[in-house]
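All values derive from a computational prediction rather than experimental measurement. By convention in this document, chain letters (A, B, ...) are assigned in the order of the sequence lines, proteins followed by strands, and residues within each chain are numbered from 1.
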Protein chains: 2
Amino acid sequence: MKSPYSAKIVQPDISLSICGYSKVLEIVSNKWTALVVYAMEDGVIRYGEIRRRIEGISKKMLTQTLRQLERNGLVKRVITPSVPPIVEYSLTRLGESLLGPMRVLNQWTKENYSLVEQARASYDQAYYEE
Amino acid sequence: MKSPYSAKIVQPDISLSICGYSKVLEIVSNKWTALVVYAMEDGVIRYGEIRRRIEGISKKMLTQTLRQLERNGLVKRVITPSVPPIVEYSLTRLGESLLGPMRVLNQWTKENYSLVEQARASYDQAYYEE
DNA sequence: CCGCATCCACTGTGATACTG
DNA sequence: CAGTATCACAGTGGATGCGG
């Protein structure tokens with residue numbers, strides 16, 4: 001016989017590998033990924049230019065981030081083997097399709113982030129001062 | 001005199017602390033956060049029940065995740081000091097306001113994740129086999 | 001110009017055991 | 001029931017220097 005609590009459980013489980021929330025986040029939630037996507041919103045852009053536009057990103061992390069995005073099919077890389085070489089990046093169609101959802105998140109931030117900061121301040125005050 | 005490239009730069013820089021994309025992700029991009037929010041979508045829920053619903057989460061991580069959400073003002077915690085104690089969690093209004101954007105992401109996943117998986121497969125094949 | 005390799009510090013995560 | 005404490009470990013991020 002089951003306990004009264006188990007009867008309340010509608011869905012038996014939520015799994016990391018199944019939840020859609022988690023799957024997108026797995027793709028865009030690295031430290032620099034969102035910024036790199038943001039830098040490519042306007043169209044084709046060169047490696048060095050991305051680097052200049054994003055404050056504080058190292059070559060290593062930029063390369064790593066771009067490779068991941070490329071692997072996930074969100075970014076296209078075109079190499080012109082001149083000397084010195086030219087490497088241009090742009091969003092694929094799939095990458096562009098992510099811009100809509102990203103902008104929705106961005107909008108949420110604009111409207112609500114100050115509330116988050118307030119909440120943090122009052123939480124911290126309650127626990128570390130008083 | 002400026003180089004021809006620098007003239008292309010519309011926005012001088014993109015910063016982690018300013019970009020809205022990054023700020024939301026900072027809030028929801030931990031491993032379990034999205035799943036916990038998802039578990040609370042239906043309303044008030046007890047600690048133990050969340051734990052039963054999410055596959056593989058440890059007590060430590062659940063507590064840590066809930067505390068962060070609470071600190072950010074997305075989750076409310078109500079303790080009934082009986083023996084044994086009852087602790088109920090629910091989304092705040094602010095937390096609920098995040099559900100819309102999250103569902104948009106979820107929808108994107110449903111429609112596009114298979115493309116991501118395809119891209120990964122062909123990328124990996126190109127680099128590790130051939 | 002673009003990127004890789006190496007080394008190191010740090011943090012997020014997990015396993016386990018204990019408590020009011 | 002709902003946590004806290006401790007330890008161990010893997011992955012991520014950063015600094016630097018080399019290479020095509």
Side-chain angles (χ1 to χ4, degrees), chain A residues 3-6 8-9 15-17 22 25-36 39-40 44-71 75-90 127, chain B residues 3-6 8-9 15-17 22 25-36 39-40 44-72 75-90 127-128:
Chain A
S3 83
Y5 287 123
S6 63
K8 280 190 186 175
I9 302 176
S15 142
L16 265 181
S17 53
S22 301
L25 291 175
E26 184 193 324
I27 294 174
V28 293
S29 75
N30 298 317
K31 181 167 182 184
W32 301 104
T33 306
L35 297 184
V36 172
M40 290 187 298
V44 176
I45 184 169
R46 294 185 58 175
Y47 180 90
E49 196 175 343
I50 304 178
R51 229 186 132 217
R52 278 188 295 273
R53 285 190 58 188
I54 302 180
E55 186 184 310
I57 194 169
S58 67
K59 283 185 290 181
K60 175 188 164 184
M61 292 317 296
L62 178 52
T63 300
Q64 196 175 109
T65 304
L66 286 167
R67 286 289 120 64
Q68 281 176 39
L69 286 167
E70 195 191 350
R71 177 167 182 266
V75 159
K76 188 175 57 177
R77 173 156 154 253
V78 177
I79 310 171
T80 305
S82 55
V83 180
I86 296 173
V87 183
E88 291 176 320
Y89 291 92
S90 56
Y127 282 84
Chain B
S3 83
Y5 288 121
S6 63
K8 280 189 185 174
I9 301 174
S15 142
L16 266 179
S17 53
S22 301
L25 291 175
E26 185 193 322
I27 295 174
V28 292
S29 76
N30 298 316
K31 181 168 181 182
W32 301 104
T33 305
L35 297 185
V36 171
M40 291 187 299
V44 177
I45 184 170
R46 293 184 59 173
Y47 180 89
E49 196 176 344
I50 305 179
R51 231 191 128 213
R52 279 188 294 273
R53 286 192 56 187
I54 301 181
E55 184 184 310
I57 194 168
S58 67
K59 282 185 288 184
K60 176 187 164 186
M61 290 317 297
L62 178 53
T63 300
Q64 197 174 107
T65 304
L66 286 166
R67 287 286 124 64
Q68 280 175 39
L69 285 166
E70 193 190 353
R71 176 167 182 266
N72 290 328
V75 159
K76 188 176 58 177
R77 173 155 155 257
V78 178
I79 310 171
T80 306
S82 54
V83 181
I86 295 174
V87 183
E88 290 175 320
Y89 290 93
S90 57
Y127 282 84
Y128 298 111

*Phosphate contact (D:dT4 OP1 or OP2) by B:R67 side-chain N/O below 4.0 Å*: yes
_Using side-chain heavy atoms (C-beta onward) and a distance below 4.5 Å, is B:L16 in contact with A:K31?_
yes
*Mind checking what makes side-chain contact (heavy atoms from CB on, under 4.5 Å) contact with B:T80, not counting sequence neighbours?*
B:S82, B:I86
_Between CD1 on residue A:I50 and CD1 on residue A:I45, distance to nearest 0.5 Å_ = 5.0 Å
*Determine to 10° how strongly the helix from C:dC1-D:dG20 to C:dG20-D:dC1 is bent, judged from the axes of its five-pair ends.*
50°
*Sugar-phosphate atoms are those with a prime plus P, OP1 and OP2; base atoms are the rest. Using that split, label each nucleotide of nucleotides 7-17 of chain D B, S or - for protein heavy atoms under 4.0 Å, 5' to 3'.*
------BBB--
*Identify, with sequence neighbours excluded, every residue that meets side-chain contact (heavy atoms from CB on, under 4.5 Å) alongside B:K60.*
B:S58, B:Q64
*Walking along DNA chain C from 5' to 3', note the first and the last nucleotide with an atom under 4.0 Å from a heavy atom of chain A, and give both.*
C:dC1 to C:dT6
_Rounded to the nearest 0.5 Å, what separates atom OG1 in B:T65 from atom CG in B:L35?_
9.0 Å
*Taking CG from B:L66 and P from D:dT4, how many angstroms apart are they, rounded to a whole number?*
11 Å
*Among all residues two or more places apart in sequence or in another chain, which pass the side-chain contact (heavy atoms from CB on, under 4.5 Å) test with A:S29?*
A:L25, B:S29
*Looking across every strand, which nucleic acid part, if any, lies under 4.0 Å from A:R51 by heavy atom: base, sugar-phosphate, or nothing?*
nothing
*Taking C-beta and beyond as the side chain, do A:L66 and A:Y47 meet within less than 4.5 Å on heavy atoms?*
yes
